[in-house]
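Residue numbers start from 1 in every chain, and the chains themselves are labelled A, B, ... in the order their sequence lines are given, proteins ahead of strands.
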There are 2 protein chains.
Amino acid sequence: MDFFEQMGSTALGSRLRRLSEQMTGQAAEVYALYRLPFEPRWFPVFCTVARQPGQSVGEVAQAIGHTHAAVSQVVKELVRHDLVSIERGEADLRRSVVSLTAKGAALWPTLQEQAADVRQATEALLAESRHNLWLAMGEVEHALAQHSLAHRVKAVRDQRVAAEVQVLDYGPQYQADFKRLNVEWIARYFRLEPADLKALDEPDAYILQPGGHIWLAAYRGAVVGACALIKLDTHTYELAKMAVSPAAQGLGIGFRLGEVAVAQARALGARRVYLESNTKLGPALQLYYKLGFRKTVAGTPSPYERCNIQMELPLTP
Amino acid sequence: MDFFEQMGSTALGSRLRRLSEQMTGQAAEVYALYRLPFEPRWFPVFCTVARQPGQSVGEVAQAIGHTHAAVSQVVKELVRHDLVSIERGEADLRRSVVSLTAKGAALWPTLQEQAADVRQATEALLAESRHNLWLAMGEVEHALAQHSLAHRVKAVRDQRVAAEVQVLDYGPQYQADFKRLNVEWIARYFRLEPADLKALDEPDAYILQPGGHIWLAAYRGAVVGACALIKLDTHTYELAKMAVSPAAQGLGIGFRLGEVAVAQARALGARRVYLESNTKLGPALQLYYKLGFRKTVAGTPSPYERCNIQMELPLTP
DNA sequence: CGTATTATTGTAAGTACTTACGTAAGTTAT
DNA sequence: ATAACTTACGTAAGTACTTACAATAATACG
């Protein structure tokens with residue numbers, strides 16, 4: 001038990017499960033108290049049917065928030081115990097329309113009475129606490145519907161990672177890293193082309209001298225990302241050589257590099273930033289989209305075979 | 001979903017379950033986010049072992065509040081994934097001592113980091129709500145440990161039933177009920193004896209005239225319980241002919257009748273109330289005990305074959 | 001010292017749901 | 001009218017635990 005205390009809310013899911021098991025276990029005792037030949041898990045289905053007979057399996061599932069499969073199974077059991085009966089739908093023969101049998105109808109008043117007692121007891125239980133469990137659950141469900149847990153955790157991690165990621169300006173000492181990171185992904189998805197090697201081996205001559213820029217991203221002592229901005233003409237720069245090592249992908253490093261490059265292009269007075277990519281590279285395209293790039297219709301021919309999509313980001317001065 | 005709104009807290013268990021499922025489902029997404037080859041359900045076990053290696057299966061189960069069987073299964077899976085290893089205990093060969101493998105140890109820092117992120121995210125999630133779910137769960141768990149749900153529901157029901165149960169003084173119109181209720185249980189557990197029939201057929205002559213009393217309990221328009229007080233001598237009354245119809249048992253009707261009888265005995269100046277019963281009748285003996293009766297050592301011989309236990313309640317004037 | 005009891009674990013089966021999938025009935029497009 | 005699809009349902013299998021039971025080791029008792 002001390003696990004929960006130590007882990008705190010990390011184990012929220014486990015703890016919810018444990019409490020729900022405790023509750024359902026005790027629910028069985030409650031039925032025993034009333035000596036009803038009835039299992040707790042039947043309650044939602046039975047109750048829904050009793051209140052409004054003639055609903056189909058799917059409708060009941062909708063009402064209680066379970067799957068149709070679960071309802072189907074419970075209904076089967078209820079039929080076995082002669083508490084409900086099913087008929088084919090009149091207009092629609094696919095539907096299984098459920099209604100109470102005489103035995104089920106006879107049970108219903110007692111069950112309602114018991115439900116009222118349970119309700120009063122749980123309401124008293126909830127009222128005992130300073131923090132109302134029922135309302136708290138409602139709030140958490142609502143919050144999770146807005147942003148999933150994964151989304152929230154990602155936000156936390158991104159913030160933590162952001163503090164640890166450094167974007168560095170290019171220097172000759174990074175040429176090897178620059179080449180390694182790009183070769184890594186090009187070789188993984190395509191074939192290295194001569195045009196690649198020229199720029200990767202001599203970034204100074206092919207990128208920086210013509211008025212371009214290169215950045216690298218360092219994370220925990222390793223260089224894990226790279227990105228370049230190549231000058232095409234006075235008003236146009238190309239975002240190229242974007243690479244993040246697989247181990248560091250998903251940490252928002254590409255986005256950070258892209259932001260820096262776009263900011264620099266804007267500072268240099270560019271009217272648009274252009275890029276070429278391949279539709280096979282889903283996550284990369286998504287990143288470009290998030291940076292504001294949109295697909296261009298017609299395009300300049302590319303020196304790279306692998307490029308089958310062109311995007312651009314117009315910059316308003 | 002409107003089921004929850006309509007049923008309110010009656011469905012507390014179901015709702016807890018649903019929320020916990022939602023949480024565990026999203027937990028899987030979180031692991032995917034970190035690209036860890038790790039399943040959420042392993043977490044408590046793995047974490048416990050990583051923190052303090054060399055614990056046995058039973059000890060881990062104790063720490064995380066699951067059964068040893070669950071831990072055994074998870075450990076088996078973790079072994080299959082080469083994350084932990086098990087050895088026989090040194091002093092005690094029954095114990096399965098669990099520790100991390102090299103691969104498991106390598107995973108641990110990342111997992112810790114992830115856990116810290118999850119914790120921060122869930123804490124922010126909880127902080128968003130006015131009613132703190134974590135604290136509310138703690139309070140409810142505590143409250144349920146004090147009194148189980150069944151106990152609470154029983155209290156509610158007893159109160160409701162008490163208002164509907166009426167204890168009636170005997171009149172000739174109840175002779176048939178008085179006989180029926182007693183014959184019912186005597187015939188069920190034993191054989192009717194001549195002494196029974198005398199008192200049941202002519203309660204006036206055999207119970208009331210000699211200075212005794214008879215009460216009946218009515219519940220929802222039916223007479224469902226009976227009980228008599230027979231005068232043995234100036235200072236001693238016998239509690240007898242206690243009967244509650246099976247359908248109404250467990251509603252505290254016997255206790256109500258017993259209380260009335262004992263109060264009357266006290267009002268009549270009795271020093272003790274005596275009764276005879278049979279050890280086969282467990283619930284009845286429990287009722288007598290709750291009323292304050294205790295087993296007597298030696299006893300007067302009984303006219304009834306079925307009596308093998310005698311109890312008495314001393315009354316201080 | 002042998003036997004009865006207790007402790008520790010693993011395995012099987014159950015629980016109350018889920019997801020995945022197949023079948024039959026209905027609906028829409030050609 | 002036929003093909004292609006969508007919908008409703010039931011069945012099977014999975015999930016993450018549980019309880020029940022069996023096997024083996026340790027300990028207590030006479």
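At whole-Å resolution of the value, CD in B:Gln55 and P in C:dT8 are 14 Å apart. Per the geometry, CZ belonging to B:Arg95 stands 14 Å off P belonging to C:dA7, to the nearest Å. The CD-P distance, from B:Glu59 to C:dT8, rounds to 9 Å in whole Å.
At a non-hydrogen distance threshold of 4.0 Å, nothing from residues 26-47 of chain B comes into contact with DNA chain C. Annotation: proximity of residues 68-76 of chain B to DNA chain C (heavy atom, distance under 4.0 Å) is found for B:His68, B:Ala69, B:Ser72, B:Gln73, B:Lys76, numbered in ascending order. Of the residues in residues 138-147 of chain B, not one places a heavy atom less than 4.0 Å from an atom of DNA chain D.
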Can you list the steps and then say if A:Arg294 with A:Tyr288 is a side-chain contact (heavy atoms from CB on, under 4.5 Å)? CA-CA 8 Å; A:Arg294 296 293 176 269; A:Tyr288 299 139; over 6 Å; no

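In this structure, A:Arg17 and B:Val57 both approach DNA chain C, and ranking their closest nucleotides by distance from the 5' end singles out B:Val57.
Pairs of residues two or more places apart, or lying in two chains, never qualify as ring-ring contact (aromatic ring centres under 6.0 Å, His included) while including a residue from residues 99-120 of chain A.
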Distance-only donor-acceptor pairs under 3.5 Å for side chains of residues 42-54 of chain B, two or more places apart:
| residue | atom | partner | partner atom | Å |
| --- | --- | --- | --- | --- |
| B:Thr48 | OG1 | B:Pro44 | O | 2.7 |
| B:Arg51 | NE | A:Gln6 | OE1 | 3.4 |

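Using a 4.0 Å cutoff to heavy atoms of chain B, the contacted part of DNA chain D runs 5' to 3' from D:dA16 to D:dA26.
Between A:Val153 and B:Glu29, every side-chain heavy-atom pair lies at or beyond the 4.5 Å cut-off.
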